Amino acid sequence: MAEVKNKQVIFKNYVEGVPKESDMYISDTATIKLKVPHEEEAPLSVLVKNLYLSCDPVMRIRMRKPGDETSSYFTPFAPGSPLNGYGVAKVLDSRHPDFKEGDLVWGTTKWEDFSLITTPESFHKIQHADVPLSYYTGILGMPGMTAYAGFNEVCSPKKGEYVFISAASGAVGQLVGQFAKLLGCYVVGSAGSKEKVELLKNKLKFDEAFNYKEEHDLNAALKRYFPEGIDIYFENVGGNLLDAVLLNMRVHGRIAVCGMISQYNLDRPEGVTNLMCLIYKRIHMQGFTVRDYYHLYPKYLEYILPCIREGRVVYLEDIAEGLENGPAALVGLFSGRNVGKQVVSVSH
């Protein structure tokens with residue numbers, strides 16, 4: 001069978017500090033046959049055409065040199081090879097009994113036009129195509145499950161509680177806020193621009209929102225929005241904001257630690273000085289990973305699909321067109337360039 005060109009986004013080398021577009025490059029030299037190799041070469045493999053790729057903050061951690069404390073949990077990218085992460089794809093050929101030609105799937109794939117997947121067990125077959133396929137990189141994929149599990153399973157929310165979300169306009173935060181509102185909570189989010197603050201209040205129906213970049217005293221800002229304190233904090237940022245939140249938590253408050261994007265590009269992470277609040281206020285602070293909750297995915301779909309179809313939950317996306325714009329889209333996460341879930345569209 002003839003080979004076709006396979007455009008790729010190649011990871012150049014391990015990154016220190018803030019990632020740059022030049023830490024990746026576009027390659028047009030690779031080719032691929034649009035057929036799964038013989039069974040002995042690739043048993044149970046699946047060949048896919050990639051449609052949408054997900055830009056996620058955790059990809060910054062995978063750019064680090066192996067050997068630090070994260071390497072045992074996050075597999076580092078390999079210099080000279082394509083990036084990989086969550087994506088939506090269409091099956092072109094398959095030797096796996098669970099997938100057939102024409103199936104739409106979401107799961108881990110490479111940043112390239114076509115990918116041969118040798119471990120398709122991580123793929124989920126898409127059964128509901130009456131919603132945008134790009135949603136399976138976000139609200140119907142890993143970020144959606146992260147929001148659902150982190151809020152409901154880790155935070156154990158109750159109607160009427162006071163909820164604060166950092167990075168609230170991002171892929172996960174925007175959903176946590178809407179889930180909290182549907183439950184009847186008071187919800188405040190922080191974001192990094194006036195545009196995002198307005199979206200939180202007007203589009204996503206948060207009760208309040210503020211631009212953390214305009215607040216010289218985060219402790220005072222939180223007291224302004226939560227005069228009676230915070231019951232639930234959904235943590236996406238870390239650093240000084242976490243320190244201020246600890247001072248404003250209520251007794252028996254809960255903190256779900258989802259991410260700490262303010263720390264990913266630092267050689268030496270910032271310290272947190274107000275941890276004694278955990279004792280005084282009997283706060284439950286728990287880190288979590290979505291990997292532990294994928295067994296709830298069918299239950300989540302039962303909950304979220306009617307919400308989407310009936311307009312009770314909306315989802316903000318920022319879609320970059322073309323693989324060649326993938327590096328800019330990815331590094332833009334760390335300057336807040338994106339508005340909503342950052343997606344790269346490879347093919348329609």
Side-chain angles (χ1 to χ4, degrees), residues 17-18 56-58 60-61 64 67-74 146-147 149-158 160-168 170 172-173 176-177 179-180 185-192 208-293 334 336:
V18 180
D56 298 301
V58 72
R60 170 61 186 91
I61 297 176
R64 293 179 182 170
D68 67 11
E69 72 282 357
T70 62
S71 295
S72 60
Y73 182 74
F74 298 107
T146 301
F151 184 60
N152 291 289
E153 301 295 317
V154 178
C155 294
S156 302
K158 304 178 191 68
E161 289 194 308
Y162 299 95
V163 178
F164 176 53
I165 303 149
S166 55
V172 175
V176 176
F179 296 164
C185 297
Y186 171 79
V187 180
V188 178
S190 64
E208 288 289 351
F210 65 90
N211 182 350
Y212 70 90
K213 295 178 181 178
E214 296 179 348
E215 301 291 344
H216 301 294
D217 186 337
L218 291 170
N219 179 27
L222 291 171
K223 281 182 168 52
R224 187 166 73 244
Y225 290 103
F226 293 99
E228 298 180 43
I230 300 167
D231 290 299
I232 291 173
Y233 173 44
F234 201 93
E235 166 69 301
N236 291 306
V237 169
N240 294 335
L241 187 54
L242 174 59
D243 235 6
V245 166
L246 287 169
L247 294 174
N248 288 276
M249 293 297 294
R250 301 179 80 178
V251 172
H252 298 301
R254 287 88 72 206
I255 300 175
V257 184
C258 176
M260 292 189 173
I261 195 169
S262 71
Q263 306 300 296
Y264 295 167
N265 296 322
L266 302 181
D267 294 331
R268 185 181 297 241
E270 296 171 340
V272 178
T273 62
N274 293 321
L275 289 175
M276 287 293 284
C277 293
L278 296 176
I279 302 170
Y280 303 149
K281 302 179 182 184
R282 286 84 81 197
I283 297 167
H284 180 82
M285 182 173 176
Q286 179 182 335
F288 76 100
T289 169
V290 71
R291 295 182 190 183
D292 295 334
Y293 297 97
F334 305 99

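One is the number of the first residue; the rest follow in order along the sequence. Remember, it's a predicted structure, so these values are computed and weren't measured experimentally.
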Does Tyr280 offer a backbone N or O that forms a donor-acceptor pair with the side chain of Arg282 under 3.5 Å?
yes
Which atoms form the tightest heavy-atom contact between Met249 and Asp231, and what is the distance?
CE-O, 3.6 Å
Smallest separation among heavy atoms of Asn248 and Lys281, with atom names:
N-NZ, 3.8 Å
Note: Leu241 and Ser190 closest approach over all heavy atoms is CD2-OG, 3.9 Å
CE (Met260) and OG (Ser166) are apart, to the nearest 0.5 Å, by 9.0 Å
Search all heavy atoms of Ser262 against all heavy atoms of Gly239 and return the closest pair with its distance.
OG-N, 3.9 Å
Test salt bridge (Lys or Arg N to Asp or Glu O under 4.0 Å) on Glu208 and Arg224 and set out the steps.
CA-CA 11 Å; Glu208 288 289 351; Arg224 187 166 73 244; over 6 Å; no
Please round to the nearest 0.5 Å and tell me the distance separating atom CZ of Phe164 and atom SG of Cys185.
15.0 Å
Nearest 0.5 Å, what's the CD-CG distance between Glu270 and Asp243?
9.0 Å
Spell out, as yes or no, whether a donor-acceptor pair under 3.5 Å connects the side chain of Arg254 to the backbone of Val154.
no
When rounded to the nearest 0.5 angstrom, what is the spacing between CD in Glu153 and CG in Asp292?
11.0 Å
Heavy-atom nearest pair, Arg64 first then Tyr264, reads NH2-O, 3.2 Å
Determine yes or no for a side-chain-to-main-chain donor-acceptor pair under 3.5 angstrom, with Asp56 supplying the side chain and Val58 the backbone.
no
Here the gap from Leu242 atom CG to Asn236 atom CG, rounded to the nearest 0.5 Å, amounts to 11.5 Å
Specify whether Tyr293 and Phe288 have parallel, tilted or perpendicular ring planes, treating 30° as the upper limit for parallel and 60° as the lower limit for perpendicular.
perpendicular
Under the ring-ring contact (aromatic ring centres under 6.0 Å, His included) test, residues paired with Phe334 that sit two or more places apart
none
Taken to the nearest 0.5 Å, the spacing of Thr146 OG1 from Phe234 CZ works out to 7.0 Å
Check the pair Leu246 / Ile255 against side chain to side chain contact (heavy atoms under 4.5 Å, CB included), numbers first and verdict last.
CA-CA 9 Å; Leu246 287 169; Ile255 300 175; 3.8 Å; yes
Nearest heavy-atom neighbours spanning Leu247 and Cys277:
CD2-SG, 3.9 Å
Residue list, ring-ring contact (aromatic ring centres under 6.0 Å, His included) with Tyr186, at least two apart or on another chain:
Tyr162, Phe226
